[in-house]
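Remember, it's a predicted structure, so these values are computed and weren't measured experimentally. Along the sequence shown, the residues carry numbers beginning at 1.
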Amino acid sequence: MIESIVFDVGETITRDDRYWSAWADWLGIPRHTLSALVGAVVAQGRDNADALRLVRPGIDVTAERAAMEAAGRGEQLDERDLYDDVWPALAALRELGVRVVIAGNQTARAGGLLRSLGLPADLVVTSGEWGVAKPQPAFFERVVEVADAEPGRTVYVGDHPANDVFPAKAAGLRVAHIRRGPWGHLWADDPKVVAAADWRIDTLTQLTSIIEG
């Protein structure tokens with residue numbers, strides 16, 4: 001019996017379009033160029049921030065993000081960035097009595113922006129607020145704590161094999177891999193992902209049938 005479902009953020013509940021567009025504009029390059037570079041590093045199994053390092057070798061991503069904030073061009077997140085199935089899926093899960101948690105690799109600012117949306121979730125938290133990020137085991141130890149359920153009764157939903165599927169499975173959690181975003185589509189049929197994921201889904205609304213089944 002599943003008692004708790006924990007969601008990744010980027011390309012699971014939110015689209016990353018605006019995030020990467022903001023970076024491209026800030027670095028002064030065409031948006032398509034950065035998008036292509038993100039795809040390239042994804043295909044190589046590298047950190048997506050490596051796309052920024054290809055554009056500007058030696059870039060301090062944290063310092064550059066702070067400069068964007070100071071210039072009034074910082075992180076933005078609102079209803080436009082949510083996938084269409086987020087509200088109905090989360091609401092349906094809570095109606096079924098499932099604890100809903102959102103926990104991903106985002107900044108503390110992103111955590112505040114997500115909470116301001118009033119999503120039907122019991123808890124919204126980010127790696128920036130925890131001080132530990134995926135795929136570190138300590139992140140998933142925190143996930144188990146906030147899920148308030150045994151790992152075997154908790155599902156972690158995410159698109160990224162290295163950040164979501166494998167470390168969540170190693171922590172004893174059940175895993176739903178979503179075919180969404182660059183990572184989700186590219187690695188959906190990878191034999192290791194197929195073997196590790198308890199479920200493979202195309203939309204978040206499919207989670208209700210997992211609970212009911």
Side-chain angles (χ1 to χ4, degrees), residues 6-65 68 75-77 80-86 102-107 110 126-128 132-137 139-140 143 155-171 173-204 206:
V6 184
F7 293 85
D8 167 49
V9 178
E11 291 303 339
T12 295
I13 67 169
T14 64
R15 304 171 185 273
D16 284 346
D17 309 51
R18 194 148 56 130
Y19 175 83
W20 290 113
S21 294
W23 270 112
D25 295 346
W26 178 255
L27 295 174
I29 62 170
R31 293 178 177 182
H32 173 70
T33 298
L34 185 56
S35 178
L37 289 173
V38 170
V41 298
V42 167
Q44 295 170 5
R46 295 163 59 182
D47 180 357
N48 56 7
D50 282 347
L52 304 176
R53 300 181 182 104
L54 289 171
V55 173
R56 185 178 293 177
I59 187 174
D60 183 330
V61 176
T62 301
E64 207 68 30
R65 185 181 289 116
M68 292 170 71
E75 195 168 12
Q76 301 295 320
L77 196 158
R80 292 173 292 172
D81 301 297
L82 296 176
Y83 276 99
D84 293 340
D85 57 1
V86 173
I102 297 171
N105 271 3
Q106 270 70 37
T107 63
T126 66
S127 59
V132 62
K134 297 182 292 184
Q136 297 178 54
F139 179 94
F140 289 94
V143 165
V155 179
Y156 193 83
V157 185
D159 64 300
H160 199 300
N163 282 353
D164 301 324
V165 177
F166 302 140
K169 195 69 174 180
L173 299 163
R174 310 291 294 280
V175 177
H177 180 246
I178 187 164
R179 185 191 290 266
R180 175 172 285 177
W183 298 268
H185 284 290
L186 184 61
W187 301 102
D189 297 317
D190 179 82
K192 293 181 180 178
V193 173
V194 173
D198 295 277
W199 300 277
R200 295 189 296 147
I201 60 176
D202 296 308
T203 70
L204 297 180
Q206 289 175 261

Here the pair of heavy atoms bringing A103 nearest to F139 is O-CZ, 3.7 Å

Candidate pair W26 and E64, rule side chain to side chain donor-acceptor pair (under 3.5 Å), full reasoning: CA-CA 9 Å; W26 178 255; E64 207 68 30; 2.9 Å; yes

Give the minimum heavy-atom separation between A162 and P167, together with the two atoms involved. O-CD, 3.2 Å

Report the distance from atom CG of N48 to atom CH2 of W20, rounding to the nearest 0.5 Å. 4.5 Å

Counting only N and O atoms by type, is there a donor-acceptor contact under 3.5 Å from the side chain of S35 to the main-chain atoms of R31? no

Might you work through the side-chain contact (heavy atoms from CB on, under 4.5 Å) test for R200 and D189, ending with a clear yes or no? CA-CA 9 Å; R200 295 189 296 147; D189 297 317; 3.1 Å; yes

Evaluate the side-chain proximity of V193 to F166: yes if any heavy-atom separation is below 4.5 Å, no if none is. yes

Only one of V194, V165, V42 forms a side chain to side chain contact (heavy atoms under 4.5 Å, CB included) with W187, so which one is it? V42

Non-hydrogen atoms of H177 and G184 that approach each other most closely: CE1-O, 3.5 Å

Find out whether D164 and D159 are in side-chain contact, i.e. whether some heavy atom of one side chain is under 4.5 Å from a heavy atom of the other. yes

Distance, nearest 0.5 Å, that separates CG of L54 from CG of L34: 9.5 Å

Gap between atom CG of D50 and atom CD of Q44 - 0.5 Å precision: 8.5 Å

May I ask you to decide if D16's main-chain N or O and E11's side chain share a donor-acceptor pair within less than 3.5 Å? yes

Say whether, by atom type as modelled, one donor and one acceptor occur between the side chain of N105 and the main chain of A133 under 3.5 angstrom. no

Please check: side-chain N/O of D198 versus main-chain N/O of V175, any donor-acceptor pairing under 3.5 Å? yes

For L173 and V6, what are the C-alpha separation, side-chain angles and deciding distance, and is it a side-chain contact (heavy atoms from CB on, under 4.5 Å)? CA-CA 10 Å; L173 299 163; V6 184; over 6 Å; no

Taken to the nearest 0.5 Å, the spacing of D81 CG from D17 CG works out to 8.0 Å

Is there a side-chain contact between W23 and M68 in this structure, where contact means two heavy atoms from C-beta onward sitting under 4.5 Å apart? yes

Are R53 and V61 close enough that some pair of their side-chain heavy atoms sits under 4.5 Å apart? yes

Please check: side-chain N/O of T14 versus main-chain N/O of L82, any donor-acceptor pairing under 3.5 Å? no

To the nearest 0.5 Å, what is the distance between CH2 (W183) and CD1 (I178)? 14.0 Å

Close side-chain approach of K134 and Y156, heavy atoms under 4.5 Å: yes

With a 6.0 Å cut-off (strictly less than), is the heavy-atom count around CG of D84, excluding the residue itself, greater than 12? no

Heavy-atom closest pair (R179 atom, H185 atom, distance to 0.1 Å) is CG-ND1, 3.3 Å

Sub-4.5 Å side-chain heavy-atom contact between R180 and L204: yes

Measuring from atom CG of D8 to atom CG of N163, what distance do you get when rounded to the nearest 0.5 angstrom? 8.0 Å

